[in-house]
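Keep in mind that what you see is a predicted model, and the values were worked out from it rather than measured.
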Amino acid sequence: MAQQAATKDATHLNRRQLLGLGLSGGSSLLLGGCALNGLSETVGNATQPLNERIEALMQGKGPVPLFRRDQVDPKDLLVNSFNGVPQLDPARYRLRVDGLVSRPLSLDLAALAALPQQELVMRHVCVEGWAAIVAWSGVRLADVLALAGISNLGGYLAIDSADQYFETWDIASALHPQTLLATAMNGAPLPAANGAPVRLATPIKLGYKLSKWVTGLKVMASLEERRGTWEDQGYEWFAGL
Ligand SMILES: Nc1nc2c(c(=O)[nH]1)N[C@H]1C(S)=C(S)[C@@H](COP(=O)(O)O)O[C@H]1N2
Ligand SMILES: [Mo]
C-alpha cells in the first residue's frame with residue numbers, strides 16, 4: 001500500500017521538480033558531459049534502475065512538442081556512424097520482428113509502406129555536441145509491434161542493425177506514439193548515411209538510441225547482458241530527452 005501511494009505521488013512531479021530533486025536521468029547527466037568524459041559503467045549501472053523508474057513515469061504524458069517544417073536546416077544534421085555506412089539492397093531488405101510476439105514477421109519495404117505513414121519534425125540531439133531539427137517520416141513502431149502481436153510480458157526491445165550496432169529500449173518508449181521506423185527524411189527517401197532503408201526516430205530519446213539500418217526487432221521480458229553499443233561502454237541506458 002505504502003509503495004502504491006509513493007508511486008502515485010511521484011507521477012505528479014513534473015520534470016522541473018525532478019530536476020530540482022536531483023533525480024533526473026539520462027539527458028541532463030549526458031549533456032553535462034559525463035558520457036563524453038567517461039561516466040563509468042559502475043555509475044551507469046548504479047543509477048540505471050532509478051533512471052528507468054523516474055523516466056518511465058514521465059512518459060505517457062502526451063506528445064513532445066514538435067517543430068515546423070520551415071525550421072528544418074539540413075546543414076545541421078551531421079552523420080554519426082561507428083562502423084561505416086552499410087549499403088542495403090532495398091529489394092532484398094527484410095525487417096525481422098520476433099521474440100515475445102504471437103506472429104513473428106519478416107516485413108519487406110512494401111509491407112512497411114502499406115501501413116499508415118506519419119511525419120514528425122523533431123530535434124535530434126547527439127551527445128557529441130550537436131543537434132538538428134529533422135523531419136522524419138515512416139510508420140509508428142507501435143503499429144509494427146501490434147501487427148506482430150506483442151506479448152504483455154514484453155518489457156524490452158532489442159534492435160539489430162546491419163552495421164552490427166546494437167540497442168535495447170524499454171517497451172514504453174518503443175510504443176510511444178512519436179517513435180517511428182522512418183523511411184524518409186526531410187521529404188525525401190532516407191539517404192544511405194542516415195540509415196536507409198529503415199531507422200528509428202523519436203523526440204523522446206538521445207541520438208545514440210536511434211538505430212540506423214535496422215534489420216531486426218526482438219521483444220524480450222528482461223534485459224540481457226548486452227545493452228547497447230555505447231551503453232556497454234558506459235553511456236546511460238534510458239537516454240530520455
Ligand atoms: N546503426 C547505427 N545507428 C546509429 C549510429 C551508428 O553508428 N550505427 N550512430 C548513432 C548516433 S550516436 C547518432 S547521433 C545518430 C546519428 O544519426 P545521423 O547519422 O542520421 O545524423 O545515429 C545513431 N544510430
Ligand atoms: Mo550521437
Side-chain angles (χ1 to χ4, degrees), residues 25-26 44-45 48-49 51-53 55-57 59-60 82-83 86 88-90 92-118 136 138-183 190 195-233 235-240:
N45 288 341
Q48 180 187 301
N51 287 342
E52 185 180 352
R53 277 202 305 280
E55 301 269 2
L57 287 170
Q59 306 277 318
F82 89 122
N83 192 20
L88 302 188
D89 177 356
R92 296 183 53 189
Y93 175 81
R94 297 290 183 278
L95 175 67
R96 168 184 54 76
V97 188
D98 60 15
L100 295 173
V101 297
S102 51
R103 290 178 294 279
L105 302 174
S106 173
L107 299 172
D108 60 15
L109 291 173
L112 286 175
L115 294 172
Q117 305 290 306
Q118 190 176 15
W136 303 107
V139 301
R140 285 181 179 179
L141 179 53
D143 288 349
V144 170
L145 294 175
L147 202 62
I150 182 174
S151 157
N152 287 336
L153 299 175
Y156 300 88
L157 188 69
I159 301 129
D160 283 319
S161 292
D163 63 344
Q164 309 307 313
Y165 196 76
F166 180 69
E167 263 302 336
T168 55
W169 284 39
D170 62 291
I171 207 71
S173 296
L175 295 174
H176 190 283
Q178 291 174 312
T179 297
L180 302 184
L181 282 168
T183 50
L190 200 56
V198 178
R199 73 166 296 152
L200 284 171
T202 185
I204 68 170
K205 286 199 185 286
L206 284 166
Y208 64 82
K209 301 302 287 188
L210 309 181
S211 298
K212 304 192 282 187
W213 310 293
V214 172
T215 54
L217 304 173
K218 181 180 176 191
V219 178
M220 306 187 302
S222 56
L223 283 177
E224 292 167 7
E225 203 180 334
R226 273 194 323 150
R227 295 180 173 204
T229 298
W230 294 120
E231 291 84 340
D232 294 342
Q233 308 288 325
Y235 276 39
E236 200 266 333
W237 175 74
F238 194 90

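- Within a 6.0 Å sphere centred on CG of Asn152, other residues, nucleotides and ligands contribute 12 heavy atoms or fewer.
- Judged purely by atom type and a 3.5 angstrom limit, Arg226 has no side-chain atom pairing as donor or acceptor with the backbone of Asp232.
- Using a distance-only test at 3.5 Å, with no hydrogens or angles considered, no donor-acceptor pair links the side chain of Tyr165 to the main chain of Ile159.
- Put simply, the side chain of Ile150 does not reach to within 4.5 Å of the side chain of Val97, judged on heavy atoms.
- To the nearest 0.5 Å, atom OG1 of residue Thr202 and atom CG of residue Leu180 are 7.0 Å apart.
- With Gln233 contributing its side chain and Gly228 its backbone, the two residues share no donor-acceptor pair below 3.5 Å.
- Classification of the Trp237-Tyr156 ring pair by plane angle, with boundaries at 30° and 60°, yields tilted.
- No option in Leu200, Thr179, Asp170 other than Asp170 meets the side-chain contact (heavy atoms from CB on, under 4.5 Å) test with Lys205.
- Using a 4.5 Å heavy-atom cutoff, the side chains of Leu141 and Leu181 are in contact.
- For residues 207-221, every residue pair satisfying the salt bridge (Lys or Arg N to Asp or Glu O under 4.0 Å) rule, not counting sequence neighbours, is listed here: Glu167-Lys209, Lys209-Glu231.
- Rounded to the nearest 0.5 angstrom, Leu190 CG and Thr183 OG1 are separated by 7.5 Å.
- Of the inter-residue distances, the one linking Trp136 atom CH2 with Leu210 atom CG reads 8.0 Å to the nearest 0.5 angstrom.
- In this structure the side chain of Leu109 reaches within 4.5 angstrom of the side chain of Val198, judged on heavy atoms.
- The main-chain N or O of Asp163 is never found under 3.5 Å from a side-chain atom of Ser161 such that the two would form a donor-acceptor pair.
- Minimum heavy-atom separation, Ala196 to Trp213: O-CD1, 2.9 Å.
- At least one donor-acceptor pair closer than 3.5 Å links the side chain of Gln117 to the backbone N or O of Leu115.
- In terms of modelled atom types and a separation under 3.5 Å, the side chain of Arg227 and the main chain of Thr168 share no donor-acceptor contact.
- Here the side chains of Leu95 and Leu105 are not in contact, with every heavy-atom distance at 4.5 Å or above.
- Note that the CG atom of Leu112 and the CZ atom of Arg94 stand 10.5 Å from one another [nearest 0.5 Å].
- Of the possible donor and acceptor atoms, one in the side chain of Thr229 sits under 3.5 Å from a partner among the backbone N and O of Phe166.
- Across all non-hydrogen atoms, the minimal contact from Val101 to Ala148 is CB-O, 3.2 Å.
- Put simply, the residue from Phe238, Tyr235, Trp230 that forms a ring-ring contact (aromatic ring centres under 6.0 Å, His included) with Tyr208 is Tyr235.
- Identified under the salt bridge (Lys or Arg N to Asp or Glu O under 4.0 Å) test for residues 138-161, with sequence neighbours left out: Arg96-Asp160.
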